[in-house]
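When reading the values below, keep in mind they use all heavy atoms of this one structure, side chains included, and skip hydrogens, waters and symmetry mates.
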Amino acid sequence: MLKVNKLTKHFGGLVAVNEVDLHIDSSEIVGLIGPNGAGKSTLFNLINGFLKPTSGEVFFEGMDITGFKAHDVSHLGIDQSFQASTLFQRLSVLDNVFIGYHMRYKTKYWKRLLRTPSALKEERAFRKDALEILTFMGLQKLRDEQAENLSHGHQKILGVCMALATKPKLLLLDEPVAGMSPTETETMIELIRKIQEKGLTIVVVEHDMKVIMSLCDRIVVLNYGRKLMEGSPNEVLKSDEVIEAYLGKAEI
Amino acid sequence: MLSLAGQLIIEGLGIGLVYVLLAAGLVLILNIPRVFFIAYGQFYMLGAYILWGGTVLFKLPFFISLILSILATGILGAISYRLIFYYIQNVRDNFLPIIVAAMGLMMIMQQGALLVFGTSSHGMQSEFPGLIEFGDIIVSVEKLVLIILALLVTGILYVLLQKTKIGRAMRAVSFRADISSLQGINPTLVYMVTMGVGCALSGFAGGIMAPVYAVSPDMGGIILTVLLVIMLGGMGSMLGAVLGGLILGLTLSFGHYFIGADLAQIALFLVIGIILFFKPGGLLGNPGEDLSS
Amino acid sequence: MTSPYKRIIGLTVLTFILAMVPLIVKSPYYMHLLIMVGMNAMLAMTFILMLRAGLISLGIAAFWGIGAYVSALLALRLDLSFWMAMPLSAIITGAVALCIGCVLVKNPGFGFIIETVVLGEIAVLAFAHLPLFGGYKGIVSIPPVDPIHIPFLFSIEFVSKTASYYLILFLFLLVAIGYSAFYSAWTGRAWLAIGLNPRLAESKGVNIYRYRLLAFVVGSAGAGLAGSFYAHYYGAIAPTTFNVFKTIYIHIFAILGGVGFPVLGPIIGAFIMILVPEVLRVAKEIEPIITGLLLILLVLFLPQGLLSLLSRRKKNARPVG
Ligand SMILES: Nc1ncnc2c1ncn2[C@@H]1O[C@H](COP(=O)(O)OP(=O)(O)O)[C@@H](O)[C@H]1O
Ligand SMILES: [Mg+2]
């Protein structure tokens, strides 16, 4: 589904992502781990079009999407939730989700401007769908709250709701449980599972190994921008290299 | 022919270097405290008035007046940061409030000058009369002093930014404020110093230009040309400011001579338009890089 | 987002109140000031529209000027009536904005602001130097607004201040309704999203370039319309009217009322800024100083504008939208 070839990103002198190869099959959940600064978020941003790679290629469903604009990538079916809970702070929860429907409008633009019945009908349908997503993720009660008033955990969940609204085929989750309490973490794990059952492919970056172990079929380890290793959760956890990468970092 | 070219180059260098200083100061303010400081031109005006007042009204020596210009504008700039921008800088969506506050400051300074000094412009006698000949090229001493002073200040600025602790702190803050505060740098102090240095550059430029052009309250309009220089050079780049200022000075001085002042202005816009068409972020800017976000 | 129905009710009530004003105010001088309030409120409305999409334009006055010059030239050179020249000038202003905007909106933020400042300066220089625009003296004896004759029914002449007041009220409402249609359609939400967090909006599939361009064109066309009215109402235009300082005042009108209130905010802001100094007879010399101080205080203590004082009492009041 997703194939990444020798992807590289330089920030000035710093090589944040260095010749990374990656392939993700349909309906997989893949974990992406590595110490802070390893280049995980940067890799995500290279895939979803926020950053232009210095070199290398990205293929999605066989199509070369290297260097595409973020909104084009989003149209093709890749969306993500961000590491920092990135929301439209001053919009309501429902409106936040609503933005994701942007590209699916079928009615003509002038009809929407004049609010003709067909445009209103479409808007109602989207609204219903957005509410369904909120219900699915357990946020329906908060739909009229302003996003900035939500708790940290709810903001993170809203981030995932917003990603779901664009109906992605591939969902990138950047540290979805960072800063959450253990019970919130449990909820999030359940939600991610439910999302996968709907047939989405998921790549998740996470430091919480419990999350990775309980969700992922396969783990990719990054360190200093390079792919250190790749394998099943058990293989990876036993690997000396990985332990060293983490411990080495911890000692500093 | 050669002597004409030399003459025009010196002419262009003189005005160009003043724009280099002005643009460099504003680039600092735009990049470090990230204030869209539209009152910048009024500091230029203030610097010029202080020099004029010092030398003509109080009969102080030129250099003492010039130092007063620098100090007064610098201190005022730093204070304006602490009293106004400090409070809005960390607000979310601070972009518009910052511009608006700067507009307010601009209006106060502009009208204040009008009230205090009146609408008429004040010429002043050249402090450095006389001409010097270099072969065929004849240069007024005044212009030469201007060029030397501008070069001197550019050098000081370079040393300040590259070699001193506060300069390194300024560059660190412009890179990322959150990281630098971890390294024990106090961003507020850095911002104040930057505003001070930037405004002092503007005041200094006003001071050395005061004997060249007449001093008047509408001198603040120079901000438009300074912005043009920054646009030409590239938003985030000091070197771009230098390059932009020199290109502007030379285009104006050659244009002035060959096609006249009005056409020179239009030619300038054409030159800039062409450059920006091929390099949308300016000569040394990066178009994808947006300082505001 | 305010619901469209609330918007419609609000606009109706507002129209009614504003339409009553000439019944109370008789002095032509005050009527003239109110007409200026209307026109400046229109300009402030265009500023707020662009601001929604994250564009802070310092070139509004230039587009206002383009509308004024185009309309004047259409009337003088091509003998078009005001009723033809006005929509045409708005369209032409929009077209100019489209051409320029293609390049400008690519890098918003500081880059965009600087470019609009410079653009405004170029426009003033062009007005002042190109013979077509009449040089520094500008264009004079622009024909006034043509009367409307409807055979056998009535005819309206635009000689009295009251008639001009109703004309600017009509134009103001036209723009307000047009802009409200954008706000309550999909576009409004996209603009808000872009203004709040462009990168996030982009990642949700919003083409930020196209939406920003749309805001720039629609906003500038509105300014062009105001320019057309200005040219025919005054009968004479000169280049320096359209400089950056005018734009700064436009910003003030919008911010004083509150940028979160796209129709009412500009009216309140322009009303206060134009009428209060007149009524209090503030000396012209110190007026800018007071205004400048006011601006700084406003930004420090009431950044959402005067109207936010009222809406703050409501629970869940949203400063934007
Ligand atoms: N926009 C940027 N400009 C410069 N350096 C960056 C930028 N984004 C990330 N980096 C650097 O790239 C490296 C990788 O960062 P990141 O991808 O965020 O790591 P991770 O998500 O694995 O913690 C870090 O050293 C970081 O400082
Ligand atoms: Mg990260």
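Annotation for C:Phe170: atom CZ does not count as buried by contact number, only 12 or fewer foreign heavy atoms lying within 6.0 Å. For A:Lys69, the NZ atom is loosely surrounded, since the number of other residues' heavy atoms within 6.0 Å does not exceed 12. Heavy atoms from other residues, nucleotides or ligands lying under 6.0 Å from NZ of A:Lys121 number 12 at most.
Closest approach of C:Ala193 to A:Phe88, counting heavy atoms only: O-CE2, 3.2 Å. Counting all heavy atoms, side chain and backbone alike, A:Phe82 lies closest to C:Leu200 at CE1-CD1, 3.3 Å. In terms of heavy-atom proximity, A:Leu91 sits nearest to C:Leu196 at CG-CD1, 3.8 Å.
Sorted by first and then second residue, the ring pair (Phe, Tyr, Trp, His ring centres under 6.0 Å) pairs with a member in residues 126-145 of chain A read A:Tyr101-A:Phe126, A:Tyr105-A:Phe126; sequence neighbours excluded.
Note that CH2 of C:Trp186 and CD1 of A:Ile99 are 6.0 Å apart. Values are rounded to the nearest 0.5 Å. Taking CG of A:Asn45 as the start and CZ of C:Arg199 as the end, the distance is 6.5 Å to the nearest 0.5 Å. A distance of 12.0 Å separates CD1 in A:Ile78 from OG in C:Ser203, rounded to the nearest 0.5 Å. With rounding to the nearest 0.5 Å, the separation of CZ in C:Arg189 from CG in A:Asp95 is 4.5 Å.
With a 4.5 Å cut-off on non-hydrogen atoms, A:Ala163 touches chain C through its backbone and its side chain both. A:Gln80 touches chain C through its backbone: at least one of N, CA, C or O sits under 4.5 Å from a heavy atom, while the side chain does not. With a 4.5 angstrom heavy-atom cutoff, A:His102 touches chain C via backbone and side-chain atoms both.
Proximity to chain A among residues 205-227 of chain C is limited to C:Gly205, C:Val206, C:Asn207, C:Tyr211, C:Leu214, judged by heavy-atom separations below 4.5 angstrom.
Applying the salt bridge (Lys or Arg N to Asp or Glu O under 4.0 Å) criterion to C:Lys204, with sequence neighbours excluded, gives A:Asp79. Partners of A:Lys9 according to the salt bridge (Lys or Arg N to Asp or Glu O under 4.0 Å) rule, which considers only residues two or more places apart in sequence or in another chain, do not exist here.
The candidate with the highest count of non-hydrogen atom pairs below 4.5 Å against chain A, out of C:Ala190, C:Ala201, C:Gly195, is C:Ala201.
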